[in-house]
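Quick notes on the structure that follows.
Proteins come first, then strands; the chains are lettered A, B, ... in the order of their sequence lines, and each starts at number 1.
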2 protein chains.
Amino acid sequence: MDGALETLRTRGIASVSARTIAAAAGVNQALVFYHFGSVDELLSAACTHGARQRVAAYAERLATVSSLSELLQVGLELHEQERADGNVIVLAQLLAGAQSEPKLAPAAADALALWIAEIETVLRRVLADSPLAAVLDVPGLARSICAAFIGFELYDGVDGDGAARAVSAIAQLGSLIELVEDLGPAARRLLRAKLRRSGFERGDGPSGRP
Amino acid sequence: MDGALETLRTRGIASVSARTIAAAAGVNQALVFYHFGSVDELLSAACTHGARQRVAAYAERLATVSSLSELLQVGLELHEQERADGNVIVLAQLLAGAQSEPKLAPAAADALALWIAEIETVLRRVLADSPLAAVLDVPGLARSICAAFIGFELYDGVDGDGAARAVSAIAQLGSLIELVEDLGPAARRLLRAKLRRSGFERGDGPSGRP
DNA sequence: GTCTATAGCTGGATAGAC
DNA sequence: GTCTATCCAGCTATAGAC
């Protein structure tokens, strides 16, 4: 599985094969089929395994987060770490492969779900005593953050400078959201009205639960 | 080139080959090498061509946009249209391939640059008489939007429901930003101070130009 | 469990007929 | 410009030795 992740990371979904993976792992190609049945199943298992490891590794760090800007800071750290061990890019490669290979889709969705659940937990805690908690769709935001992260890592692969600029712009946006958090109840009512007028007020989520 | 885009869209970067592309185009496989030299060069040319076409097709629509929520609306339309003709997913596949095949990187970066330039123009116009124009990094935001869009489309391929929820959460965020736009100069000063305190104030960009 | 060997296929790329 | 024919490398998957 480590060989599979390494191959996905360094050679991409297009170059992944039983042979390239076996070479990375220093074993024979036939073992892929003996242990996993097919290359797709190995990729699925490896990706789930890798995501579990990485999410667990970040869970401790994320548990200390108590504000949006801190969460943003962890995101920047994760982005930095990606240059070294590239776990998000592995997920991106699996997602790319899953678009046209349905066998890979469940594993990709599951791996993403692990990250989403973690982000959702943090987000809910961070927004707990914020006026935004009642008005924002936290599960939707968690999904957005994870999806966007994938896009940023792919962009970083072809234009590092551009991606760096994109990341810092998002950091600014985060600060902006914190500013809104600190506004009084009048502005908060204005926000709710505006959201409702735009038709974006969600029908499900924490406040709508019976 | 149309055959290349179609193959990239329906079969993904992992299944793209001179043979599969030629079959999609209804021609012989050898023509790929006669006209483009290699599969990678064909993919690069096709992707640039496709991006030019799509950006041009949306330029007219984007020129009518005069607010953030309208821009958001166009984004939602584009996202819907992707289900039918899937141009962004082609870009995502090329980005995935470019991570480990440097020959594809320039084409992927160029295609993205076309979208970024378009979004940047709209963003600058939309924010022209907003207090946010002076404080936000517009080029960085344009890059963020494009990168995030890529991630959303990939996510949509493995979890349509989750992606839909992510998209509507972002729509909420857009409304939130508009709210901030409508705040008075006091809140604006507060925002600037907050950004500066966080160390996120950009050193380059429109306001810093001599 | 791990290896070699092999079948049968698909891949990039070229030569050469038309 | 487009085709057929071809080379050889690499692919998945299996059979069978150890």
Side-chain angles (χ1 to χ4, degrees), chain A residues 1-50 89-90 92-108 158, chain B residues 1-50 89-90 92-108 111:
Chain A
M1 291 200 282
D2 287 343
L5 293 179
E6 186 189 324
T7 308
L8 261 184
R9 192 182 308 130
T10 58
R11 317 238 347 219
I13 187 75
S15 300
V16 128
S17 74
R19 283 173 147 85
T20 53
I21 293 172
V27 298
N28 189 275
Q29 163 260 149
L31 288 189
V32 168
F33 304 97
Y34 177 79
H35 286 286
F36 296 92
S38 71
V39 175
D40 286 346
E41 285 170 280
L42 166 53
L43 290 181
S44 298
C47 203
T48 302
H49 172 72
I89 214 63
V90 166
Q93 292 290 336
L94 200 74
L95 280 170
Q99 302 296 315
S100 42
E101 182 47 81
K103 290 177 195 163
L104 294 177
V158 301
Chain B
M1 289 200 283
D2 287 343
L5 293 179
E6 186 189 324
T7 308
L8 219 39
R9 190 183 308 131
T10 59
R11 320 234 349 217
I13 186 77
S15 299
V16 128
S17 75
R19 285 172 149 87
T20 53
I21 293 173
V27 296
N28 189 274
Q29 166 260 145
L31 288 189
V32 168
F33 304 98
Y34 177 77
H35 286 286
F36 297 93
S38 73
V39 175
D40 286 346
E41 285 169 279
L42 166 52
L43 290 180
S44 299
C47 203
T48 303
H49 173 72
I89 213 65
V90 165
Q93 291 291 336
L94 199 76
L95 279 170
Q99 303 297 315
S100 41
E101 181 49 78
K103 288 175 196 167
L104 295 177

message: Need to verify one output field. Residue with the more 5' nearest nucleotide on DNA chain D, A:Gln29 or B:Arg19?
response: B:Arg19

Nearest to the side chain of [X], which nucleotide is it out of [options]?
X: A:Ser17; options: C:dT4, C:dG11, D:dC11; answer: D:dC11
X: B:Phe33; options: D:dT2, C:dT14, C:dC3; answer: C:dT14
X: B:Ala30; options: C:dA15, C:dC3, D:dG1; answer: C:dA15
X: A:Asn28; options: C:dT4, C:dA13, D:dA13; answer: C:dT4

query: What are the two closest heavy atoms between B:Ala98 and A:Val158, and how far apart are they?
result: CB-CG1, 3.6 Å

field: Least distance between heavy atoms, A:Gln99 atom then B:Ile89 atom
entry: OE1-CD1, 3.6 Å

message: For a quick check of understanding: with a heavy-atom distance under 4.0 Å over all strands, which category does B:Ser15 fall into, base, sugar-phosphate or nothing?
response: nothing

Sugar-phosphate only, base, or nothing, as touched by A:Val32 at under 4.0 Å among non-hydrogen atoms: nothing

Please report the distance, rounded to the nearest Å, between [atom1] in [X] and [atom2] in [N].
X: A:Phe36; N: C:dG1; atom1: CZ; atom2: C1'; answer: 13 Å
X: B:His35; N: C:dA13; atom1: NE2; atom2: C1'; answer: 16 Å
X: B:Asp40; N: C:dG11; atom1: CG; atom2: C1'; answer: 13 Å
X: B:Tyr34; N: C:dA15; atom1: OH; atom2: C1'; answer: 14 Å
X: B:Leu31; N: D:dG1; atom1: CG; atom2: C1'; answer: 7 Å

statement: CG of B:Leu43 to CD of B:Glu101, rounded to nearest 0.5 Å, is 10.0 Å

message: Walk me through whether A:Thr10 and B:Ser100 qualify under side-chain contact (heavy atoms from CB on, under 4.5 Å).
response: CA-CA 6 Å; A:Thr10 58; B:Ser100 41; over 6 Å; no

